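Heavy-atom basis, side chains included; hydrogens, waters and symmetry copies ignored. Throughout, residue positions are numbered sequentially from 1 according to the sequence presented. No experiment lies behind these values; they were computed from the predicted model shown.
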Amino acid sequence: MTPSMPAQRPASPFFSSGPCSKRPGWSRDNLSKACLGRSHRSAEGKAKLGEVISRSRSILGIPEDYRLGIVPASDTGAVEMALWSLLGARGVDVLAWESFGKGWYSDAAKQLKLEDLRLIEADYGELPDLSQVDCDRDVVFTWNGTTSGVRVPDGDWIAAARDGLTICDATSAAFAMDLPWEKLDVVTWSWQKVLGGEAAHGMLALGPRAVDRLESYTPPWPLPKIFRMTSGGKLNEGIFKGATINTPSMLCVEDALDSLRWAHSLGGLSGLIARSEANLEVIADWVSVSNWADFLASDPETRSSTSVCLKIVDPWFTAMAEDERAQTVKSMTRSLASEGIAYDIEGYRDAPAGLRIWGGATVESEDLARLPPWLDWAYGQVKATAAAA
Ligand SMILES: Cc1ncc(COP(=O)(O)O)c(C=O)c1O
């Protein structure tokens with residue numbers, strides 16, 4: 001029997017894991033003070049760029065001796081800038097438990113061709129064995145694996161006294177999870193995730209030990225101009241004060257400022273984390289009683305509060321071939337999108353077929369609370385249609 005439609009709809013259907021929902025109350029009018037048609041190197045332009053840095057630093061509680069800069073090409077740009085500039089000085093451990101970590105490993109192995117390289121990996125839904133990590137080597141890892149919804153629970157596995165650098169892709173964690181800055185030598189993120197900003201710009205935080213490496217080590221490979229952070233062996237400090245390497249979008253900058261002001265109005269990081277954790281709880285409450293959905297993350301300690309990934313455990317579904325499972329999820333997500341209930345909640349293309357629902361701070365818990373009956377509806381609908389065929 002085809003299930004009937006739930007009575008209540010989420011007020012906002014934006015549950016994508018990137019670009020993520022704009023903040024509640026966002027309006028294009030908030031961009032009217034953007035520094036448009038002016039040089040980004042004008043006093044006004046530089047002040048706006050500097051304000052993004054100072055507001056981000058203050059909300060995230062970044063230590064004073066860390067540099068923070070706006071860099072090209074979003075989070076990928078920030079991570080690759082770090083990998084290309086820093087790696088090769090010593091052995092490297094790369095942790096990979098989903099698509100993005102695997103991508104960083106591939107960069108290290110196939111592009112940089114590092115010889116002393118170890119891959120510490122786990123399958124979708126699991127974390128690798130963190131006790132295998134050797135912090136006297138450089139360590140590259142993702143704080144929150146956006147495509148599996150598995151995050152590291154804390155930084156306890158990172159040695160406080162270490163010879164290697166920790167390079168952390170925190171793009172779906174920053175502004176939603178506590179980051180132990182002293183354990184992280186390099187941290188990257190973008191604007192379009194938890195803050196609901198616009199894409200194309202990356203943020204790169206460098207601790208003092210990362211700066212020492214930059215100033216004492218020259219990698220053997222060529223560095224494109226947009227990756228270069230030093231000049232004559234010294235750090236280019238301007239990058240970390242808002243003198244970007246190349247031209248940023250001042251419209252995106254204004255939007256980033258809008259989201260940072262909003263974050264401040266919520267009480268800063270603790271307010272943002274509380275919103276995201278509440279969102280995870282709403283989904284967890286439903287999962288605990290669902291007879292067809294479960295978290296992809298097997299250990300509750302590792303469940304992401306931002307990219308909440310769900311697998312389908314109903315034997316009817318698990319008995320299907322892989323491409324049939326993918327088609328079934330597509331049918332579900334298509335009907336949810338065409339009803340205007342939820343956009344973009346299909347799991348990532350490389351992940352096991354399932355759902356991925358964004359729970360970062362820009363998503364309202366009230367909207368998430370209205371989603372589960374619709375998930376039941378969409379699942380019931382595809383199952384009933386298959387039974388009737
Ligand atoms: C963990 C992680 N790393 C890297 C990326 C790539 O980010 P961007 O598209 O901002 O370069 C993403 C995007 O979802 C991500 O989730």
Of all the heavy-atom pairs spanning [X] and [Y], show the shortest one and how long it is.
X: W143; Y: A173; answer: CD1-CB, 3.6 Å
X: G149; Y: A297; answer: O-CB, 3.7 Å
X: L260; Y: V52; answer: CD1-O, 3.8 Å
X: P10; Y: I341; answer: CG-O, 3.7 Å
X: W377; Y: M5; answer: NE1-CG, 3.6 Å
X: W84; Y: P222; answer: CD1-O, 4.3 Å

Side chains of [X] and [Y] in contact at under 4.5 Å (non-hydrogen atoms):
X: E121; Y: P128; answer: no
X: E364; Y: S12; answer: no
X: N279; Y: F15; answer: no
X: R38; Y: M250; answer: no
X: D134; Y: D93; answer: yes
X: L375; Y: I345; answer: yes
X: V308; Y: F295; answer: yes
X: L60; Y: L68; answer: no

In terms of hydrophobic clustering (I, L, V, M, F, W, Y; side-chain heavy atoms under 4.5 Å; direct or indirect links), are [X] and [Y] co-clustered?
X: V313; Y: V382; value: no
X: V329; Y: L310; value: yes
X: M81; Y: L49; value: no
X: L184; Y: V94; value: no
X: F240; Y: F227; value: yes

I'd like to know if the side chain of [X] and the backbone of [Y] have a donor-acceptor N/O pair within less than 3.5 Å.
X: R67; Y: L206; value: no
X: T171; Y: S190; value: yes
X: W221; Y: K113; value: no
X: R162; Y: A159; value: yes
X: R275; Y: G359; value: no
X: Q8; Y: R370; value: no
X: W358; Y: V194; value: no
X: D185; Y: T166; value: yes
X: D107; Y: L83; value: no
X: S290; Y: V287; value: no

Nearest 0.5 Å, please: how far is [atom2] in [Y] from [atom1] in [X]?
X: E215; Y: M229; atom1: CD; atom2: CE; result: 11.0 Å
X: L280; Y: T306; atom1: CG; atom2: OG1; result: 9.5 Å
X: T244; Y: I226; atom1: OG1; atom2: CD1; result: 12.0 Å
X: I53; Y: K46; atom1: CD1; atom2: NZ; result: 10.0 Å
X: E346; Y: R334; atom1: CD; atom2: CZ; result: 9.0 Å
X: L269; Y: I59; atom1: CG; atom2: CD1; result: 8.5 Å

Those residues that, when tested against D75, pass salt bridge (charged side-chain N to carboxylate O under 4.0 Å, His left out) (two or more places apart): none
E277 and R303 ion-paired at < 4.0 Å: no
Short N-O contact, R90 and D136, less than 4.0 angstrom: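 Judged by the 4.0 Å cut-off on N to carboxylate O distance, R90 and D136 do not form a salt bridge.
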Derivation and outcome, side chain to side chain contact (heavy atoms under 4.5 Å, CB included), residues D350 and Y124: CA-CA 10 Å; D350 298 338; Y124 277 84; 3.6 Å; yes
NZ/K102: more than 12 non-hydrogen atoms of other groups inside 6.0 Å: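 Above 12, so yes.
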Criterion side-chain contact (heavy atoms from CB on, under 4.5 Å) against L95, the qualifying member of V152, L127, L130, D129: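 It is L130; the other options fail the test.
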Name of the residue among S21, P13, S16 meeting side-chain contact (heavy atoms from CB on, under 4.5 Å) with Y343: P13
Steps toward side chain to side chain contact (heavy atoms under 4.5 Å, CB included) verdict (I62, S56): CA-CA 8 Å; I62 300 178; S56 304; 5.5 Å; no
Would you say the rings of [Y] and [X] are close, in the sense that their centroids are separated by under 6.0 Å?
X: F14; Y: W26; value: no
X: W97; Y: W104; value: no
X: F100; Y: Y348; value: yes

Pairing donors with acceptors under 3.5 angstrom, does anything connect the side chains of [X] and [Y]?
X: N236; Y: S231; value: no
X: W191; Y: D255; value: no
X: S172; Y: T146; value: yes

Stepwise side chain to side chain donor-acceptor pair (under 3.5 Å) check, N144 with S304: CA-CA 7 Å; N144 179 72; S304 170; 2.7 Å; yes
Sole residue of R209, R118, R213 in salt bridge (Lys or Arg N to Asp or Glu O under 4.0 Å) with D138: R213
Chi angles and distances behind the side chain to side chain contact (heavy atoms under 4.5 Å, CB included) call for C35, E254: CA-CA 8 Å; C35 186; E254 196 63 26; 5.7 Å; no
Worked check of side chain to side chain donor-acceptor pair (under 3.5 Å) between Q192 and S74: CA-CA 9 Å; Q192 75 269 18; S74 205; 3.3 Å; yes
Derivation of the side chain to side chain donor-acceptor pair (under 3.5 Å) call for W292 and D376: CA-CA 9 Å; W292 62 271; D376 289 334; 2.8 Å; yes
Evaluation steps, side chain to side chain contact (heavy atoms under 4.5 Å, CB included), between N291 and D314: CA-CA 7 Å; N291 58 6; D314 179 3; over 6 Å; no
